[in-house]
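What follows is a short report on a single structure.
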Amino acid sequence: MSSEHRQHEDLAAEPARPVQRPDGHGDTEQDARTADPPVGKELAAETDEAVIPELVIISGMSGAGRSTAAKCLEDLGWFVVDNLPPALIPTMVDLGARSQGNVARIAVVVDVRGRRFFDNLKESLAGLAQRQVKRRIVYLEASDDALVRRFESVRRPHPLQGDGRIVDGIAAERDLLRELRGDADLVIDTSGLNVHELRAKLDAQFAGEEEPELRATVMSFGYKYGLPVDADLVADCRFLPNPHWVPELRPFTGTTEEVANYVFNQPGAKEFLDRYAELLQLIAAGYRREGKRYVTIAVGCTGGKHRSVAVSEKLARRLSDAGVETVVVHRDMGRE
């Protein structure tokens, strides 16, 4: 017989002794033991049985578009809480769990402006992981130049600049958020995005009712314009001959059949595509095991017009055929 059953039998067999209630009326010890539990214990039991809501934490650089991201998720039906102290995130999840399904998806906007605040965030995330809460971190990034322009356009100081310059505040915040950026599930660089383009990116990631196992963005770019800051993986196509130096191909892009045929008829091009696609399958399997849902694969050439575009198109098709939901972005095509 289990200890729990023995305990119930002992309680039933033990003579009931009077217990004085606060209102002066008599009661028995057995009645007191079997009375309704305190409200806090009821809520704890309800939380254990309830469905824990999905959680998205929106963070990143000030001026990079956190408010826009929050509004987008709100329009998609998420329950959004702005500037919630990190220590209260578990409480918010508990409240959502007790909503009987009315709050199934919660988005929390947090900005980290002090070391103690950041420590609280790490503790909260660790506690959520122990409870197996499904959570994702969306980190919004932008270049220093873009952030300076945005703060100057609204004539507002950076929240961390103090008596210094805007760039000083940006540097302090970037250093403070470095670890959080490394833990992010999705990093979005908004340097070259307007409000509508940022919303479109978030719609593509969160509009679906059912989340796929893995989503990939294959992005072509030109090295002369700089590396994409939100890239998880970078492939270099500059070992292939450049169609730019073929007069009849120069006006076209890698999306055309003429340029694509030229690129993949070069020695090593098809082998590179085959080997890299195989490598990505291995990486994708590891991402799935680790619970990572988003990956940005950057493919670069000199100008981001011919070789990287052609390879990105083929690579995205390979990933889609392998069951990875994939979108293609040509960052620098048409920039010349």
Side-chain angles (χ1 to χ4, degrees), residues 141-146 186-194 197-198 200-201 204-205 214-288 292 294-336:
E141 172 72 275
S143 67
D144 288 0
D145 290 343
L186 176 62
V187 177
I188 300 178
D189 178 18
T190 68
S191 302
L193 302 180
N194 59 35
E197 291 168 334
L198 175 56
K201 275 183 170 286
Q205 300 295 345
L214 182 66
R215 279 181 170 150
T217 298
V218 180
M219 177 189 299
S220 68
F221 73 97
Y223 275 95
K224 69 179 184 180
Y225 301 114
L227 286 168
V229 298
D230 52 347
D232 296 297
L233 303 167
V234 179
D236 189 351
C237 293
R238 291 176 295 180
F239 70 95
L240 297 170
N242 193 347
H244 175 81
W245 303 116
V246 180
E248 58 268 27
L249 296 179
R250 183 178 301 176
F252 301 104
T253 70
T255 59
T256 63
E257 185 177 355
E258 295 85 351
V259 173
N261 288 339
Y262 175 86
V263 170
F264 285 101
N265 282 331
Q266 302 303 318
K270 293 179 181 177
E271 291 80 2
F272 170 78
L273 179 64
D274 292 339
R275 301 296 181 271
Y276 197 56
E278 291 176 3
L279 177 62
L280 289 179
Q281 288 302 313
L282 180 65
I283 294 173
Y287 279 164
R288 290 187 180 102
K292 184 176 176 65
Y294 312 102
V295 59
T296 298
I297 305 159
V299 181
C301 62
T302 303
K305 179 180 179 181
H306 296 111
R307 293 165 291 180
S308 63
V309 172
V311 173
S312 293
E313 291 285 341
K314 292 277 190 181
L315 188 60
R317 197 170 300 123
R318 292 281 186 96
L319 291 173
S320 296
D321 293 342
V324 178
E325 186 172 329
T326 308
V327 296
V328 184
V329 176
H330 300 305
R331 190 192 74 174
D332 299 323
M333 191 173 69
R335 195 166 179 174
E336 292 183 345

For the residue pair [X] and [Y], establish whether any side-chain heavy-atom pair is separated by less than 4.5 Å.
X: F252; Y: V246; value: no
X: I188; Y: L193; value: yes
X: V263; Y: P243; value: yes
X: R307; Y: V299; value: no
X: T296; Y: V187; value: no

Side chain R250, main chain H244, donor-acceptor under 3.5 Å =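 Such a contact is found between R250 side chain and H244 backbone.
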
task = State, without any angle test, whether S191 and D189 hold a side-chain donor-acceptor pair at a distance under 3.5 Å.
result =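 S191 vs D189: donor-acceptor pair found between side chains.
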
message = Does either side chain, that of R318 or that of T326, offer a donor lying less than 3.5 Å from an acceptor on the other one?
response =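 Not at all, the side chains of R318 and T326 share no donor-acceptor pair under 3.5 Å.
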
query = What distance do E325 atom CD and L319 atom CG have between them, rounded to the nearest 0.5 Å?
reply =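 Answer rounded to 0.5 Å: 12.0 Å.
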
key: Neighbour count >12 (heavy atoms, 6.0 Å) for atom NZ, K224   =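 Above 12, so yes.
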
Heavy-atom neighbours of E197 CD exceed 12 at 6.0 Å =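 Yes, CD of E197 has more than 12 neighbouring heavy atoms, counting only those of other groups under 6.0 Å.
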
query = Can the positive tip of R335 be found less than 6.0 Å from the middle of the six-membered ring of Y225, inside 45° of the ring normal?
reply =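 Yes, R335 lies over the aromatic ring of Y225.
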
ask   = Closest heavy-atom contact between S312 and H330?
value =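 Nearest pair, atom of S312 first, then H330: CB-CE1, 4.2 Å.
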
